[in-house]
Amino acid sequence: MSTFDEMDAFDGASLSSRAMAARPTPYLDGLNPAQREAVECLDGPVLMLAGAGTGKTKALTARIVHLLNTGSARTNEILAVTFTNKAAREMKERVGGMLGQPAEGMPWLGTFHSVCVKLLRRHAELICGEAGVGPDEVIDEARDSESPNPYEDLGPSAVRSRHRTVHLKSNFTILDTDDQIRLLKQLIRAAGIDEKRWPPRMLAGIIDDWKNRALTPDKLPASEAGAYNHRGPELYAQYQRRLLELNAVDFGDLLLHVVTIFQTHSDILAQYQRWFRYIMVDEYQDTNIAQYMWLRLLAGGHKNICCVGDDDQSIYGWRGAEVGNILRFEKDFPGAKVVRLEQNYRSTEHILAAASGVISANAGRLGKELWTAAKGGEKVRLIGHWDGEEEARWIGEEIEATQRGTRGQRPIGLNDMAILVRASHQMRAFEDRFLTIGLPYRVIGGPRFYERLEIRDAMGYFRMVTSADDDLAFERIVNTPKRGLGDKAQQTIQSFARENGVSLVEGARLAVEAGAIKGKGGAALRRLVEDLARWGRMTGDADISHMELAEIVLDESGYTGMWQADKNPDSPGRLENLKELVKALENFENLQGFLEHVSLVMDNDKQDSDQKVSIMTLHAAKGLEFPAVFLPGWEDGLFPSQRSMDESGLKGLEEERRLAYVGITRAEEVCTISFAGNRRVFGQWQSQLPSRFVDELPEEHVEVLTPPGLYGGGYGAAASSDEPVRSTIEAKVAQADGYNSPGWKRMQARAGQRGNLQQKQAGSPIIDLTATASFTLGERVFHQKFGYGAIAGIEGDKLEVNFEKAGTKKVVARFISASGAGAETAQDDVPF
DNA sequence: ACGGACCAGTTTTTT
DNA sequence: ACTGGTCCGT
């Protein structure tokens with residue numbers, strides 16, 4: 001266990017900035033009074049309530065620089081935590097820029113997770129527990145008692161003490177989600193639990209949730225305990241034991257173990273309280289309970305904690321984030337100074353007003369009045385489309401027009417435009433469309449580089465090379481590429497390992513020697529075991545760089561060959577990724593060092609310089625800004641997401657609303673919101689209602705656009721005569737007028753319906769859209785997309801229709817017309 | 001042991 | 001519509 005002085009020496013080499021006192025303070029010049037206050041108030045707790053686009057990162061960075069500049073703290077005495085690697089990197093860059101020197105000397109600037117890894121590696125041995133009482137306890141018991149052994153055929157020397165205490169070692173591996181699920185699957189199977197009822201994925205979710213809230217099954221509140229099958233806690237305990245045996249931790253443990261150490265070793269806690277003299281937290285509204293405990297423990301002494309956050313941008317409730325943390329700050333830290341940053345530097349007036357209008361529907365906010373000096377600008381644009389493809393088509397064209405500047409505003413480059421979606425599956429429509437029209441795009445936040453199959457496999461090999469006892473890695477690579485080692489062979493290996501209390505490779509070696517695995521598989525396994533040992537020895541060879549070694553491993557194992565032989569269209573890409581992986585090794589001294597960092601640090605930001613539109617989720621967009629933003633898919637059920645509302649009710653809805661707020665406030669100049677009347681969900685067509693958030697947009701800041709399809713160029717126009725075309729134009733005018741008329745909202749309210757633009761066509765001769773009563777069971781009807789059918793059921797405003805071609809569907813009544821009216825009339829039924 | 005046919009669940013969001 | 005998993009025939 002290290003003392004404070006030892007720790008000082010540990011990181012001391014890279015710093016020393018006391019000498020910087022009394023330097024000039026140019027970094028303060030660009031700040032407004034509120035920002036300055038937050039920066040200069042150095043002692044005691046500070047809460048910076050910073051709205052969207054108010055320069056909170058700037059203020060936080062300036063504060064760090066100010067601490068260093070006034071000599072109040074040295075770089076290693078500042079603990080600055082962020083949530084994402086990107087945010088950490090950005091802050092390092094900014095601090096470096098302000099200091100005029102690289103900020104690499106800021107050892108404690110990073111994500112919660114990366115800081116915890118460092119702390120935990122120092123004190124890993126304090127985490128311990130009993131092992132060996134897992135699924136094989138029956139065997140152990142049988143052996144411990146002198147009774148006749150029913151498992152004799154398993155072989156000798158399988159005895160494991162029931163009470164073997166195992167410590168975490170400082171070179172623990174960090175389990176990623178994939179490994180975690182594989183492990184849970186094994187445990188579930190071993191416990192003889194039905195995988196259908198307890199899918200490993202679900203159990204992983206529950207465990208994550210417990211850990212986010214710093215709960216263990218035994219501490220679970222009674223109200224929740226009953227909700228889980230009684231075997232949940234049992235599995236949890238087995239899982240934790242197994243992790244310890246594997247010398248591994250999962251993401252949640254990273255934090256919780258450190259909290260545990262702080263709670264049980266007051267001397268260590270006291271050291272760190274002295275050590276981290278200033279604590280800064282970005283995005284405080286996103287902290288979960290475990291992180292909150294961690295921070296409170298660390299800040300418990302001096303209370304020099306400065307938290308920055310925006311309660312309106314709390315969008316991570318689903319992974320345990322507690323808005324309550326930020327709302328409670330003043331209570332937690334009495335005497336806290338609260339600074340509000342309210343001047344928005346990002347967006348124009350209309351955009352800001354629209355966002356404020358939406359978010360004002362939320363209750364229990366801390367409340368901020370954002371304002372901007374940027375008056376005027378375009379209103380937020382709102383447009384409805386027939387379906388998702390039409391929406392993608394329109395946005396594609398709009399992007400091209402915006403790029404050329406033919407829309408009447410300044411030309412905006414593709415890099416400055418983004419499409420922000422609620423859920424990643426919405427991205428596909430845009431990718432499809434953009435591929436066909438050749439519009440360059442980039443998807444942000446897709447599968448992380450290191451989560452890709454080929455990367456994970458390669459990492460498995462590297463892990464085996466650096467530490468041969470990594471059983472999880474062995475399982476991953478033993479039959480990849482195919483070596484003819486199936487379930488049977490792997491079971492044999494498992495039992496050899498378990499009987500002898502050794503790792504899987506060792507078990508494999510024993511199995512080979514015993515001739516337990518025959519034929520081709522046996523030979524291949526022998527070779528694999530030998531190769532692994534040989535590569536392991538090569539790590540110590542000074543003549544071979546770790547990059548060469550990596551290539552040797554991938555080539556000789558046959559892994560690259562496997563992809564070369566694969567004729568899937570994506571295999572070249574995978575080989576490309578492998579090359580990149582090897583290239584990434586450059587930045588590390590050895591494989592070991594690389595592996596330690598990779599799961600936390602590697603990300604996918606290929607900074608290609610080409611101009612591309614960004615497509616990402618709203619979550620991924622937090623902290624970013626773009627001159628032009630498109631927000632498609634504003635439909636009830638999709639956004640706000642049905643699932644979110646089902647699971648968390650009003651709380652869920654409010655979080656969705658904050659997400660809408662985040663989305664709108666990403667836009668600097670142009671913000672375009674759109675929704676579609678029909679969308680394919682699970683491969684089925686569904687009618688969609690515009691999002692309730694659409695109604696919450698303040699009318700005076702919104703401009704309603706008319707989709708081009710209404711001019712007769714769109715759906716089914718071929719079948720139409722002159723007359724219907726004209727009437728659609730009229731309908732569109734009525735629609736736009738209706739939207740902007742003051743009576744619109746009231747009309748909606750009376751109808752008890754949400755944002756149904758169609759309702760405004762009150763005078764339209766086509767159909768009485770609010771009255772489903774006008775339909776009768778069995779009536780023959782027409783639907784624009786599905787064709788003719790008969791009404792099979794009526795539920796509120798939805799009709800169940802048995803379509804002749806498309807099968808039975810539930811559709812909203814207003815998309816249906818009586819078939820007697822004919823197809824031409826149905827054309828008018830097109831909502832937008 | 002492996003590949004193909006078939007079936008079920010899936011679509012929030014992620015360090 | 002797509003994926004990933006399981007079952008079954010080779």
Side-chain angles (χ1 to χ4, degrees), chain A residues 81-88 110-117 174-178 180-181 185 195-196 199-202 204-205 208-209 211-212 249-256 282-283 286-288 290-291 314-321 388 420-429 432 444-448 450-451 453 479 481-491 517-522 524 599-604 616-622 633 637-648 652 655-656 658-660 662-663 679-686:
Chain A
V81 274
T82 60
F83 276 84
T84 59
N85 291 309
K86 201 174 63 189
T111 60
F112 276 96
H113 287 82
S114 68
V115 169
C116 282
V117 172
I174 301 162
L175 224 66
D176 55 31
T177 317
D178 217 72
Q180 186 187 20
I181 286 173
K185 192 167 175 173
E195 273 178 66
K196 291 270 153 50
R201 206 161 269 288
M202 180 177 134
D208 278 352
D209 186 50
K211 290 188 173 179
N212 283 334
V249 301
D250 63 20
F251 274 117
D253 284 340
L254 232 33
L255 223 72
L256 275 185
D282 201 3
E283 309 281 14
D286 289 335
T287 46
N288 62 32
Q291 288 156 339
S314 167
I315 55 175
Y316 284 104
W318 49 270
R319 67 166 192 219
L420 311 182
V421 297
R422 175 63 185 87
S424 45
H425 68 85
Q426 291 172 260
M427 293 178 179
R428 213 183 50 222
D432 285 353
I444 297 188
R448 296 259 178 300
Y450 60 81
E451 279 170 10
L453 182 71
N479 201 26
K482 298 262 182 288
R483 294 192 172 89
L485 297 163
D487 280 351
K488 198 73 183 296
Q490 292 192 40
Q491 271 169 26
I517 297 170
K518 308 219 164 41
K520 234 175 86 193
S599 62
L600 291 166
V601 176
M602 280 268 283
D603 50 358
N604 205 5
M616 65 185 96
T617 63
L618 287 162
H619 284 85
K622 189 152 83 149
L638 186 58
F639 186 43
S641 135
Q642 192 59 48
R643 184 155 161 189
S644 172
M645 292 187 293
D646 289 347
E647 283 174 10
S648 317
E655 181 152 316
E656 296 286 309
R658 290 193 289 269
L659 215 37
V662 168
R679 200 174 282 280
R680 231 207 280 264
V681 182
F682 298 141
Q684 289 256 301
W685 281 100
Q686 282 211 326

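Chain letters run A, B, ... following the sequence lines, proteins first, then strands; residues in each count from 1.
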Rounded to whole Å, CD1 of A:Ile174 lies from C1' of B:dT15 at a distance of 11 Å

I'd like to compare against my own output: the B/S/- annotation of nucleotides 1-11 of chain B with a strict under-4.0 Å heavy-atom distance to protein. SS-------BB

Using a 3.5 Å distance criterion without hydrogens, assess whether the side chain of A:Gln684 forms a donor-acceptor pair with backbone atoms of A:Val681. no

Span that lies between the P atom of B:dT13 and that of C:dG4, in whole angstrom: 15 Å

Using only side-chain N and O atoms of A:Thr617, determine if any of them is under 4.0 Å from OP1 or OP2 of B:dT14. yes

Check every strand shown and say whether A:Ser644 touches a base, only sugar-phosphate, or nothing at a heavy-atom separation below 4.0 Å. base

Taken to the nearest whole Å, CG/A:Leu175 to C1'/B:dT15 is 14 Å

For A:Lys86 and B:dT14, what is the distance between atoms NZ and P respectively, to the nearest whole Å? 11 Å

Taking only the side-chain heavy atoms of A:His113 (C-beta and beyond), determine which of B:dT15, C:dA1, B:dT14 contains the nearest atom. B:dT15

Is a side-chain donor or acceptor of A:Asn288 paired with a backbone partner of A:Gln291 at a separation under 3.5 angstrom? yes

Between A:Asn479 and A:Leu485 (side chain of the first, backbone of the second, donor and acceptor by atom type, cut-off under 3.5 Å), is there such a pair? yes

Indicate yes or no for a side-chain donor-acceptor contact from A:Glu656 to the backbone of A:Ser641 under 3.5 Å, with no hydrogens or angles considered. yes

Between A:Ile181 (CD1) and C:dG5 (P), how many Å, whole number? 10 Å

For the side chain of A:His619 and the backbone of A:Ile315, is there at least one donor-acceptor N/O pair under 3.5 Å apart? yes

Within this structure, what is the CD-to-C1' distance between A:Gln180 and B:dT15, rounded to whole angstrom? 12 Å

In whole Å, I'd like the distance from the CZ atom of A:Phe639 to the P atom of B:dT13. 13 Å

Can you tell me the distance, in whole Å, between the CG atom of A:Asp208 and the C1' atom of B:dT15? 10 Å

Could you pick out which residue, A:Asn212 or A:Ser648, lies toward the 5' side of DNA chain B when each is mapped onto its nearest nucleotide? A:Ser648

Please tell me if A:Ser424 has a side-chain N or O lying less than 4.0 Å from either OP1 or OP2 of B:dT13. yes

So which nucleotide from B:dT15, B:dT14, C:dA1 ends up closest to the side chain of A:Phe251? B:dT15

Integer-rounded Å distance: B:dT14 C1' and A:Phe83 CZ: 11 Å

